[in-house]
Engineer: 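After the structure tokens below, expect a handful of questions from me.
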Amino acid sequence: MIRRSSFFLFFFFCFAAENSSSSIPVNVGVILDFDEVGRMWLSCISMSLLDFYAAHGDYKTRLVLHTRDSKDDVVSAAVAAVDLISNVKAEAIIGPTTSKQANFVIELGEKAQVPIISFTASVPSLASIKRPYFFRSRDSDKTQLKAIAAIVKNFGWREVVPIYVDDLYGVGILPYLFDALQAVGASVPYQSAISPWASDVDILKELYKLKTMQTRVFIVHMLPSLGARLFTKAKEAGMMSTGYVWIMTDGVTNLLSLLNDSTIDSMQGVLGVRPCVRKTKELKNFRLRWKRKLHREQPDLVDAELDIYGWLAYDATMALAMAIEEVAGNSTNLVMKEANVSSNLLLETIGVSKNGKKLSEALSSISFKGLTGDFHFVNQQLQSSAIQIVNINGVEPKGIGFWTSERGLFKRWKLNSTTNVYSTSQSKLATIIWPGEPTSNPKGWDIATSGKRLRIGVPVKDGFTEFVKVTRNVKTNITDVTGYCVDVFDAVMDQLPYDVAYDYFPFANSEGESAGTYNDLIHQVYLGEFDVVVGDVTILAKRSIYVDFAMPYTEASISMVVPIKDTKNDNALIFLKPFKLDLWVTTFCSFVAVAFVIWVLEHRINKSFRGPPSQQAGTSLWFAFSTMVFSPQEKVLNNLARIVVIIWSVVVLIITQSYTASLSSLLTVQQLQPSVTDVTELIRNREFVGYHKDSFVKEILIGLGFQDSQLLNYTSIEECQELLSKGSENGGIAAAFEQFPLVKLILARNCSNYASVEARTFMSKFPNQKKIANNIQQFKTRGFGFAFPLGSPLVPDVSRAILKVTESDVMGRIEDKWLSTKSICAGQANSFSSSRLGVSSFWVLFAITGGISFLALTTYVTMFVQQHWEELRTSNSMWSRIVDFFRIFNQKDSKWHTFRSEVNKGSTDGPYPHGEQGADSSAVHEGSVELADLSPTEHSTDLSPTEQPHQEVAPFGIDILPTNPKQLMPTATPINHHHTN
């Protein structure tokens, strides 16, 4: 069959040469493995020349193909290259098939200056060295490795195991794969190399080894012949089930059409990457023509499906034909330079092409629209526009998304897309059917099935054994580990969606004593001695350099434990403490402001708010302050004033009730107060303070300003209580600094004698001291946490399980079991903090009061000005208007109903029964008597109406009546009747 194909090619080009006397034959070598795939590629190469010269019949060059079978062997490929260069005088070589073959053929091409064009060799290292005569008409593996790394990052997988063929093709990608994975935060805990000649038993043995590991994400990089066997055995080993992730490079993905149905069935759920080729009309037409041609020439391959390498071979051949035609335009001597025929060495028989340099330059400048898209060499390498991601689901792979260096992962390809945002969101990919057919995303790892149990390191403690207690049975030689931290860890492990086997190992020496500090214990995880550390281990930044911590399972705070004292009668001014100074001042100012507003609104209409200035001020203030007990004697008449009083009464009610509650609470709490609440006082008086031995708290105390000589350590609760009971002056301590869980345990033992002051309380005493504040910030903690090796896949699952435990009643039961006692004071609140109220607690009320008062005052002034505008406008200057304004404001409002009612009554008390006018009132009365002495006849007959004597009228238009009742006779009353109703 190969001979028939070669004869056809030879006959075609001989016929073409005979029918074109001006055409120049140019020898070109083709080195391929003439298996089923190689024969399909060769047919694409021949079709490329047929199509090219059919479209360019006027070109003077004709490529003459000389094919060689490399037989999947490096030596055969090298011998074929030497033959083509030395004997055939080939100006260029298309091929060979594999990267390991190309590695040697490229060197021969460089020596003879003959361009080597490969459309299958993908190892990045082939082009890592400057080789001007090597052209790759496809992208290197670096591009698809970046796409795979994006997938790994997209699903958050932290560890990946590459499975590769142990030759140049497989090993050549490893440095680039490691770089790509490292860029997305993933590591490679193990590399699985499989020999090209491995038996099924060897493959199965390696797969079982991988199965015993935790990592469940595998990247397969090999050719289909070996890949088909790998996936078949993986299914046999139970590794194509739920939880496993398989990602193939294009070595297998591009040639899926070569695999049989049984192999495809074993690959269900596998992901694959391959260069993206847009389906165009030209590509569809080519596939139909290629099918017909293959059916005529090679009937045994009638069911074969063409892959992307055939399209790349088609485009590469056309590019070579263009480049040779371009070189031929400048030269007619396309032959090799004569070799050194006297040498007996094989390589010495290789000549040097006269046109190799020109042909290389021409190939670099070729650009056209090929079957696979834009064809143009960049640094002698074809650039891929995008990578397609497929999912093996059914008979054929289904596309689930794409990847480009500009956009990252995305679901659909949209023409004229303007976005360049790199995204790795899972929503950017279509639904994936994973191995085992689950739709939920695998976490990428699992507990090893090899029977290996996790080694849990726990500290050995002399005191505070409620957190971790290690006991050893001498008779049975069994170590029992119990405690609060242990129970929490067990509860968290029970919440995981899978079983984890583990054993506790005390961090102790041969004598059973502690083998080091907590930092030493943490370092054992970094060294690999322990898989996890469980205990009262605080999460610190310096420790996170060596381990990864799961989410904390305790509160993160540092408190000061101090003795308490009875201060019931220590402070005579305790009644002032419920309110802060700013609230006292604001409340007083509010009373004065309300008093002023009420006076303004009531002055012209209410007799209670008139009189001498001192009386008016006293009445107004008395009225405002009497609202505290809701007993003002004065009545308000103005509706605006009533609104202000109502709002103010509500505010006063809330403030007084809050004061009462705060004072009651303060009187109760003040009976037992901590003896020390200020750290600066301890530092200034050089008091002794304590801390738990080997605790990081010592560093905090030194950072706050304590001297090392002031620090005493203790190992148990009993020792801590003994030091506190002695006091600093008797060789003990004035305060103990501990984390919240330990403080809770200390107080549970004896809360009647000790109290805690929270860190935020005693540290707020010196907020302006920058040095101390920085030290506090530096040693801020995050609570207790479990320590894991860096990059451990257990950390996120354990963190989620901790959330479930802490949000349930399980944590409460564990705390009741270990951190509380049957003491009568268990559960009492011993954490003291300020309960004083400030303006910030009532600012809304003050704002409402101020707003209502201002609105009422503004409304009243506006109405007053509008009512008396005619009188005010007659003033000559602004100052005169202001004087008139206050003059009128100081007068009574005669139109107000209260004053009109007094006139209607005709009261003998006069309009000012309380003697508001003083001397003026008596003078008016005397005038009235004089008028009354006149007889009625004289008033009525001797004087005309216009000559009637003028009657004195009181201010605000009220008539003056005589004081003698006897004179109030109808016939003798000289009152103008138009003044009465």
Side-chain angles (χ1 to χ4, degrees), residues 453-490 502-540 542-543 546-547 549 553-554 561 688-702 708 711-724 731-733 736-739 741-746 749 781 783-789 817-819:
R453 302 171 67 87
L454 297 181
R455 293 174 55 87
I456 312 298
V458 295
V460 176
K461 304 167 62 68
D462 296 330
F464 294 97
T465 54
E466 290 80 0
F467 294 99
V468 176
K469 184 178 182 180
V470 178
T471 56
R472 187 177 184 84
N473 192 321
V474 180
K475 297 181 179 179
T476 61
N477 200 27
I478 298 177
T479 300
D480 187 23
V481 180
T482 58
Y484 169 78
C485 300
V486 175
D487 282 1
V488 172
F489 184 77
D490 292 339
Y502 55 89
D503 297 308
Y504 292 105
F505 292 88
F507 183 52
N509 54 25
S510 58
E511 298 178 358
E513 299 177 350
S514 176
T517 64
Y518 278 53
N519 289 335
D520 297 331
L521 175 58
I522 291 294
H523 199 64
Q524 297 302 308
V525 178
Y526 178 75
L527 297 176
E529 296 296 328
F530 293 133
D531 298 311
V532 189
V533 165
V534 172
D536 50 340
V537 178
T538 305
I539 301 175
L540 298 177
K542 64 179 182 180
R543 292 175 177 175
Y546 304 97
V547 295
F549 285 100
Y553 57 91
T554 64
V561 180
F688 290 96
V689 297
Y691 65 95
H692 184 213
K693 185 179 180 181
D694 298 329
S695 173
F696 70 96
V697 175
K698 179 180 180 181
E699 301 178 35
I700 294 182
L701 298 177
I702 295 176
D708 191 63
L711 306 180
L712 299 178
N713 62 67
Y714 49 84
T715 58
S716 63
I717 297 178
E718 293 73 19
E719 187 177 354
C720 175
Q721 292 177 344
E722 181 180 357
L723 292 173
L724 286 171
I733 56 177
F737 291 81
E738 279 299 348
Q739 297 182 83
L742 280 74
V743 170
K744 186 176 181 180
L745 190 59
I746 294 174
R749 291 291 185 88
T781 67
F784 292 166
F786 305 128
F788 295 83
K817 176 182 178 181
W818 294 102
L819 303 184

Engineer: Hey, could you give me the CZ/CZ distance between F786 and F549, rounded to the nearest 0.5 Å?
Structural biologist: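 That separation rounds to 11.5 Å.
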Engineer: Of the non-hydrogen atoms in I456 and F530, which two are nearest, and what is the gap between them?
Structural biologist: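 Heavy-atom minimum between the residues: C-CD2, 4.4 Å.
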Engineer: Side chains of Y504 and V486: closer than 4.5 Å at any heavy-atom pair?
Structural biologist: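 In contact.
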Engineer: Apply salt bridge (Lys or Arg N to Asp or Glu O under 4.0 Å) to K698 and D708, showing your working.
Structural biologist: CA-CA 9 Å; K698 179 180 180 181; D708 191 63; 3.5 Å; yes
Engineer: Return the set of residues passing side chain to side chain donor-acceptor pair (under 3.5 Å) with Y546 (not counting sequence neighbours), or none when no residue passes.
Structural biologist: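 Checked Y546 against side chain to side chain donor-acceptor pair (under 3.5 Å); zero matches.
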Engineer: Can you name the closest pair of heavy atoms from P506 and V470 and give their distance?
Structural biologist: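 Where P506 meets V470 most closely, the heavy atoms are CG-CG1, 3.6 Å.
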Engineer: Side chains of Y484 and F464, heavy atoms from C-beta outward: is any pair under 4.5 Å?
Structural biologist: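 Contact flag for Y484/F464 side chains = no.
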Engineer: State, with a plain yes or no, whether a side-chain heavy atom of Y502 is found less than 4.5 Å away from one of D490.
Structural biologist: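 They are in contact (side-chain heavy atoms under 4.5 Å apart), so the answer is yes.
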Engineer: Would you check if the side chain of D520 reaches a backbone N or O of T517 as a donor-acceptor pair within less than 3.5 Å?
Structural biologist: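 Present.
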Engineer: Apply the test side chain to side chain contact (heavy atoms under 4.5 Å, CB included) to residues T482 and W818: give CA-CA distance (whole Å), side-chain angles for both, the deciding distance (0.1 Å), then the verdict.
Structural biologist: CA-CA 10 Å; T482 58; W818 294 102; 4.1 Å; yes
Engineer: Can you name the closest pair of heavy atoms from V534 and P459 and give their distance?
Structural biologist: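 Nearest heavy atoms, V534 then P459: O-CD, 3.3 Å.
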Engineer: Contact between V689 and F737 at the side-chain level, heavy atoms closer than 4.5 Å - yes or no?
Structural biologist: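 Yes - at least one pair of side-chain heavy atoms lies under 4.5 Å apart.
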Engineer: Between K693 and E719, does a salt bridge (Lys or Arg N to Asp or Glu O under 4.0 Å) hold up when you go through it step by step?
Structural biologist: CA-CA 11 Å; K693 185 179 180 181; E719 187 177 354; over 6 Å; no
Engineer: Using the rule side chain to side chain contact (heavy atoms under 4.5 Å, CB included), only one of L724, L711, V561 pairs with I733; which is it?
Structural biologist: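 Going through the options one by one, the only one that passes is L724.
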Engineer: In the structure I gave you, are the side-chain heavy atoms of S514 and D462 within less than 4.5 Å of one another anywhere?
Structural biologist: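 S514 does not reach D462 side chain to side chain.
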Engineer: Return the minimal non-hydrogen interatomic distance between A736 and Y714, and the atom names on each side.
Structural biologist: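 So the minimum-distance heavy-atom pair works out to CB-OH, 3.7 Å.
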Engineer: Is there a side-chain contact between V533 and V547 (heavy atoms, below 4.5 Å)?
Structural biologist: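 No, every pair of side-chain atoms sits at 4.5 Å or beyond.
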Engineer: Please check if the side chain of N509 supplies one atom and the backbone of A515 the other of a donor-acceptor pair under 3.5 Å.
Structural biologist: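 Looks like no, no N/O pair under 3.5 Å.
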Engineer: Do you know which two heavy atoms are closest between G690 and L701, and how far apart they sit?
Structural biologist: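 Shortest heavy-atom contact: O-CD1, 4.4 Å.
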Engineer: Is it the case that the side chain of R543 and the backbone of T538 share a donor-acceptor pair, with hydrogens and angles ignored and the cut-off at 3.5 Å?
Structural biologist: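 Checking the backbone N and O of T538 against the side chain of R543, a donor-acceptor pair under 3.5 Å is found.
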Engineer: Side chains of Y518 and D536, heavy atoms from C-beta outward: is any pair under 4.5 Å?
Structural biologist: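 The answer is yes; the side chains approach within 4.5 Å.
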Engineer: Would the Y553 and F489 ring centres measure less than 6.0 Å apart?
Structural biologist: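 No, the ring of Y553 stays outside the 6.0 Å limit from the ring of F489, centre to centre.
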Engineer: To check you understand the geometry: which heavy-atom pair defines the closest contact between V468 and K461, and what is its length?
Structural biologist: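 Taking V468 first and K461 second, the nearest heavy atoms are O-CD, 3.6 Å.
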Engineer: Please report the interatomic distance CZ(R472) to OG1(T479), rounded to the nearest 0.5 Å.
Structural biologist: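 With rounding to 0.5 Å, CZ (R472) is 4.0 Å from OG1 (T479).
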Engineer: Checking E699 against K542 for the side chain to side chain contact (heavy atoms under 4.5 Å, CB included) test, could you report, in this order, the C-alpha distance in whole Å, the side-chain angles of both residues, the deciding distance, and whether it holds?
Structural biologist: CA-CA 13 Å; E699 301 178 35; K542 64 179 182 180; 2.8 Å; yes
Engineer: Has the side chain of E738 got a donor or acceptor atom that lies under 3.5 Å from a matching backbone atom of H692?
Structural biologist: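 Checked: pair present.
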Engineer: Could you measure the distance from the CG atom of D531 to the CG atom of D503? Nearest 0.5 Å is fine.
Structural biologist: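 If I round to the nearest 0.5 Å, the distance is 10.5 Å.
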